[in-house]
There are 2 protein chains.
Amino acid sequence: MTRNKELNQKIRDGRREQILSKALMLFAARGLSATKISDIAKAADISQGLLYHYFESKDEIFVELIKNGFDRLNGACRWLEDQDMTPKEKIVFALVELLKLLEQNEDAARYHLLIAQATASESIPDQARVIIEKENSYPYEAIERIIIEGQKDDLLKKADPKDLALVFWTTINGLAIYKAVHGKSFKAPDVSILTCMFTKG
Amino acid sequence: MTRNKELNQKIRDGRREQILSKALMLFAARGLSATKISDIAKAADISQGLLYHYFESKDEIFVELIKNGFDRLNGACRWLEDQDMTPKEKIVFALVELLKLLEQNEDAARYHLLIAQATASESIPDQARVIIEKENSYPYEAIERIIIEGQKDDLLKKADPKDLALVFWTTINGLAIYKAVHGKSFKAPDVSILTCMFTKG
DNA sequence: GTCTATATCCAGATAGAC
DNA sequence: GTCTATCTGGATATAGAC
């Protein structure tokens, strides 16, 4: 019996994943309120009624995706801070990996766009607002800490660390949005164009 | 009689401006489909019914704003190309002015956000799509031309001009979105952080 | 020109059959 | 678990009074 329960849960989770993945695509392409629940159901190849067996509402799907997005992003930031690299190496590594991710992974750009949209929009579910409020500053702070560290060692440029962290993320965001719009034809710029904003010499 | 007609037209245009200005604010804050026509009417301090004496539909308001946005942006690009400056001066000038504009002019950031939203979204009026299709690449091309020119003179960095133009605008876009979100508390980064991506030495 | 009231439509969510 | 049919609310747009 427990076997079956576990299996059922797996199937259930699989369905949820399938729905979430299609919803991410649609939300990123059209925004929350322009995406119809019927569109999501159609994309996931299930009836609209069935969708409500897996999620209570459109908002719940959206909130779930926002959670996922921050889990990935902030998880990656935490991981980066813990690595055994110099601050300069961390910044360069992060830029290289972020550009690679944007170019290769469709969902990565979509998550960036989703978070950008959600952060920029007043009309999102309250729960999403709460998560954003709580999680949104973390990436900026993490990069700022790394930059401050690197400035001590004289390996990174001596501009205001807050400014540098701001430019770091807004640049990545801008590129993510461009990619989300232009799709597969997007070719990431040479990373050296970006690294020169942060590194000396 | 002609007097009166002209005066009436002026009043009419004034009303339209008032509506457009409020609509810009709301579209930028919430997106097209999450903005209710009743919200726009309320913000413009007129009844919902009256709004339809000035615009046929919500879509028409949106299209008008997209037109305005590109008129400003592409007009500025054309103006920049015509100036009597070295390419390097043009790039630095553009960055300085864009950052100043973002910091000081609320509507400038809103127009950027509106265009970014619209470009990124599949669910916008067909007419808006047509305008975007036609106008969107112009700023990229203008900056690319300036950069190519500057590379000949050896005053600008020798990276791929397409990459540099891409980074130029996605960076500005990223900052505009950040500003549109964080409002008045936004302080633009030091421009030298950005100029170093393009200029030599 | 301006408002209030209303017709119409459509999307989110539910109910109930299989 | 899955579908079809339906309820309900709310938003766009219109009509008609002043």
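Lettering of chains follows the sequences in order, A, B, ..., and the numbering in each one begins at 1. All values below come from the heavy atoms of this structure, side chains included, with hydrogens, waters and symmetry mates left out.
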Separation of C/dA13 atom C1' from A/Glu56 atom CD, nearest Å, is 11 Å
Return the value, rounded to whole Å, for the distance between atom CG of B/Asp39 and atom C1' of D/dA11.
10 Å
Report, one line per pair, each donor and acceptor closer than 3.5 Å where one atom sits in a side chain of residues 106-114 of chain A; sequence neighbours left out.
from, atom 1, to, atom 2, distance (Å)
A/Glu106, OE2, A/Lys179, NZ, 3.3
A/Asp107, OD1, A/Arg110, NH1, 2.8

Categorize B/Thr35 for me: base, sugar-phosphate, or nothing, with a 4.0 angstrom heavy-atom threshold over every strand shown.
sugar-phosphate
Starting at NZ of B/Lys36 and ending at P of C/dA11, how long is that distance when rounded to a whole Å?
16 Å
note: A/Tyr52, atom OH; C/dT14, atom P; distance rounded to Å ~ 7 Å
I'd like to know if the side chain of B/Asp190 pairs up with that of B/Ser192 as donor and acceptor (distance under 3.5 Å, no hydrogens or angles considered).
yes
Verify whether one side chain among B/Glu141 and B/Ser137 offers a donor that lies under 3.5 Å from an acceptor in the other.
yes
Tell me whether B/Glu103 is salt-bridged to B/Lys187, with the criterion being a basic N under 4.0 Å from an acidic carboxylate O.
no
D/dG9 C1' sits how many Å from A/Ile37 CD1, rounded?
16 Å
Identify whether the distance between the nearest side-chain nitrogen and carboxylate oxygen of B/Lys88 and B/Asp153 falls below 4.0 Å.
no
Identify, residue by residue, the members of residues 16-32 of chain A with a heavy atom below 4.0 Å from DNA chain C, and return them in order of residue number, or none.
none
Under 4.0 Å between a side-chain nitrogen and a carboxylate oxygen: does that hold for A/Arg129 and A/Glu133?
yes
Quickly work out the B/Asp59 CG to D/dA11 C1' distance and round it to whole Å.
13 Å
What does the list of N/O pairs under 3.5 Å between the protein and nucleotides 1-4 of chain C look like, with a distance for each?
from, atom 1, to, atom 2, distance (Å)
C/dT2, OP1, B/Arg15, NH2, 2.8
C/dT2, OP2, B/Tyr54, OH, 2.8
C/dC3, OP2, B/Ser47, N, 3.0
C/dC3, OP2, B/Ser47, OG, 3.1

Please work out whether the ring planes of B/Phe62 and B/Phe27 are parallel, tilted or perpendicular, with thresholds of 30° and 60°.
perpendicular
Give the C-alpha distance, both sets of side-chain angles, the deciding distance and a yes or no for salt bridge (charged side-chain N to carboxylate O under 4.0 Å, His left out) between A/Lys90 and A/Glu149.
CA-CA 11 Å; A/Lys90 284 182 187 175; A/Glu149 203 57 31; over 6 Å; no
